[in-house]
Amino acid sequence: MTADRRAGSNRARRSPAAGVASSRRQMSESLNHSLHDHSFVNSDSVILSSVVYTRSMRRRHFLTLSTTAVGGLLVFSLDRMPMRVHAQPSRRVRVPLRFFDEREALIIGAAAARIFPSDSIGPGAPEAGVIIYIDRQLASPFGRSVNRYMQPPFEDGVPEQGYQGKATPREIYREGLTLLGSDFDRLTPEQQDTKLRSIEATYFFRLLRQNTIEGMFCDPMHGGNTDLIGWQIIGYPGPYMSWGAHVDQHYGKPFRPSPKSLGDVLGRKVKPWEEEV
Amino acid sequence: MKTLPPADVAIVGGGWAGLLMAKELGARTGLSVVVLERGKPRRAGDYADGMDELDYSIRLRMMQDVSKETVTFRHTPKDRALPIRQFASFLPGSGVGGSGEHWTGIVPRFLPDAFQIHTRTIARYGAKRLPENHSIQDWGIAYAELEPFYTRAEQLLGVSGKMGLDPFEGQRSAEYPTPPLKMGYFPSLFVTAAQSLGYHPSPTPSANISTPYRNPDGIIRPACQYCGYCERFGCMVGAKAQPTNTLLPVIARQKSVTIRTGSNVRRVLHKDGKATGVMYRDAAGEEIVQPAALVMLASWTLNNTRLLLLSKIGEPYDMASGKGHVGRNLTHQSQSRAVTLFFDRPLNRFMGSGANGVNIRDLDGDCFDHGPLDFIRGAFIVAHALGYRPIANFGVVPPAIKATWGSEWKKAAIDAFDGTAHLGISGEHLAYRTNYLDLDPTYRDEHGDPLLRMTMDWNDNEHNMIRFMAAKMAEVGKAMGAREVVTPPLPRHYDVVTYKSTHLQGGTIMGPSPANSVLNTWLQHWQMSNLFVLGGSSFPQNPSGNPTLTILAQTLRTADAIVNRYAKRPGPLA
């Protein structure tokens, strides 16, 4: 613990320039780390926009991502200090899906992309891998409401009593896929927005919106926030072990250390809860 | 069913209160002590991998497993209670250390007047100012009686703070053990603005300590690193006092104390008016009887009350007749982010710790004249750099932005992300005849035992108070230079959906007489003298500030009474 803490302090005191350089290296390591962790493999699939799905020979479902999609110039929101994100030229990775099939992932991914769009402000849900995050969460105990009180009777209450439905997140997403329709991902963005507005009051939409935010800003070990893209957009540096040298400094001025994942900070792999079944 | 050899003392619950009692008895008596904790073992070093917002803050990895047991909730006796299927309004912990592992570490003393609300309100304003249906009552002890134990509790934790800056603080026999934490930017803005408006900000007493500290037990803890992962997390460096880093190392050396995890106590056993032990189910599902000469419940407010009801000890509270005391005077805390401030400047708000900042007590308790106002009592108001994490805090936008998703919302939320902060208003929650606990007739836990049922709603006093506080804090927010200040009212009705605090109190309240309370002021059951009930369930109502320091002080006071009096001559202490 002591060694980790000291290392954290030193890193935190680096100059901004050093921070950018080291950030590039760490994000590269971070992506490679992910490649090993989650059975990413190179593939020659055709890239359509940033997301393509292929079916494996063993009937497993894969999602193919272009790593060029996560490149480009990002801008921090407050100090407007530009920072180039690590990008690898024209590599593709195939991610095995755990819950959705390809069609379902395309549809949910398209909906998440309208909630947190890729636009002139910066990247969004597609680049952050939000759909991979959601897929993994639904495959985990969370998707089955393992940690929720599920004893009957299930009865409707007042809003102050909280969600009383019997449906698990998996079932809510299944219902959501029906609400969105089988061609949702092929609609124009305007048509997609119209559709989403019509279901804004549903529990599915609220859950999707919440899960999209989670997938944008979670630690990358959960499958979202790829390349720490979400944290870069908002200037969140991640779980550094110490801000002791900074907490009473930088008053009113932006302090934007380069983002690090928990694995980066600790220098070893951390097992997310969803992997411990 | 297996019956184990008897122990001198069985303590139910291995959190702050239970482990503190075990440590004191282990150090100062020869009594054999068994602590029964239903959760898992934990060690101080468990938290290095825990700086993950999703698993710990959003999915609540350290909290009680609600799939096995929850509590039902309704607003009034006319409504149908439904189970809280996912904790949100309050977050009870589980495992060794209990909620004391994931707590925020804000440790104010209660104001001296908090212990005599009933008497003092009538004396100053007349009985007519007590709200309709109230069941407010005095504690039966005075601040001065608790003061030496407050000091000991602060020294146990190494609390960071500075005396003499808050003109409303009670008499103190010692300075805080460690100096205040470093000042973050947001609280620094509050200090200047609040002082300009005549308030008296002072550093919030913090169990996340500012400098390395060696406590009277010889336990050494390091200084806070301001990493921003306090509340809902265990401290990865041990700067935040937790039972596992403050009590467990001492208990580990005590041969007379045993902590038995995976032990879910279902009943307090009793015969002829005396507790004889407890019955619990172990991790393997076997039912076990642990006989004990002395039984102490320390399993948090709700479970303490539930165990008395399930064990049929004392008369359950009946709202219609007003008879019975077990379950009455349930209080929470109208804690809210009642004031949201939007700045045009970055706050670097990812830095900080749970209690890192300042508070004012000018609007707390009866520190200000309520003569012309439409409420009594007050709020503990804080401006903290507590470490804002992205999942929970992204998406807050100024009211002009109506979108809640899509490009417009995204841009506004990104722009606002590091320029937004909240003032915390912990409003005092008075006790009412209509807010109480009993057993639910429908829903059951994993063993088939009835769940506890909460009946609770806000009353006018809470609404009027929060409206007043929000208006005052909006003035401070403007003076801090906020571009925009948003002050939504307290929701009309109590809800179990938004987090308030884990400061539920009451149910087994203490008092000066068995005519109006379950426990005497030594936290001893009035009728069953070898049963003690530790923790916030003893509070007759909830003062504004955070309760843990008072719980620790009360536990130390009870420990002294047991060591000095009860151990020598068991029987009623009052």
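Letters A, B, ... mirror the listed sequences (proteins, then strands); counts begin at 1. What you see below is based on every heavy atom in this structure, not just the backbone, and it leaves out hydrogens, waters and symmetry mates.
- In this structure, no portion of B/Phe87 lies under 4.5 Å from any heavy atom of chain A.
- Contact residues of residues 446-455 of chain B toward chain A are B/Leu451 (heavy-atom distance under 4.5 Å).
- Contact count against chain B (heavy-atom pairs under 4.5 Å) is highest for A/Val247 among A/Asp248, A/Leu262, A/Val247.
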Would you list the atom pairs, donor with acceptor, under 3.5 Å between side chains in residues 180-188 of chain B and any protein atom, with sequence neighbours excluded?
unit_1   : atom_1 : unit_2   : atom_2 : d
B/Lys182 : NZ     : A/Gly244 : O      : 2.6
B/Tyr185 : OH     : B/Arg345 : NH1    : 2.7
B/Ser188 : OG     : B/Tyr185 : O      : 2.6

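- Scored by the salt bridge (charged side-chain N to carboxylate O under 4.0 Å, His left out) test, B/Glu462 finds no partners at all (sequence neighbours excluded).
- Both the backbone and the side chain of A/Arg197 have a heavy atom closer than 4.5 Å to some heavy atom of chain B.
- Counting heavy-atom pairs closer than 4.5 Å to chain A, the top residue among B/Arg349, B/Arg389, B/Arg80 is B/Arg80.
- Counting only residues at least two apart or on different chains, the salt bridge (Lys or Arg N to Asp or Glu O under 4.0 Å) pairs with a member in residues 211-223 of chain A are A/Glu214-B/Arg59.
- For the pair B/Arg232 and B/Tyr499, the cation sits on the ring face: its NZ or CZ lies under 6.0 Å from the ring centre, inside 45° of the axis.
- Between B/Phe350 and A/Trp243, the ring center distance clears the sub-6.0 Å criterion.
- Residues A/Glu274 and A/Ser140 have side chains that never bring a donor and an acceptor to within less than 3.5 angstrom of each other.
- With chain B as the partner, the residue from A/Pro153, A/Pro152, A/Cys218 showing the most heavy-atom pairs under 4.5 Å is A/Pro153.
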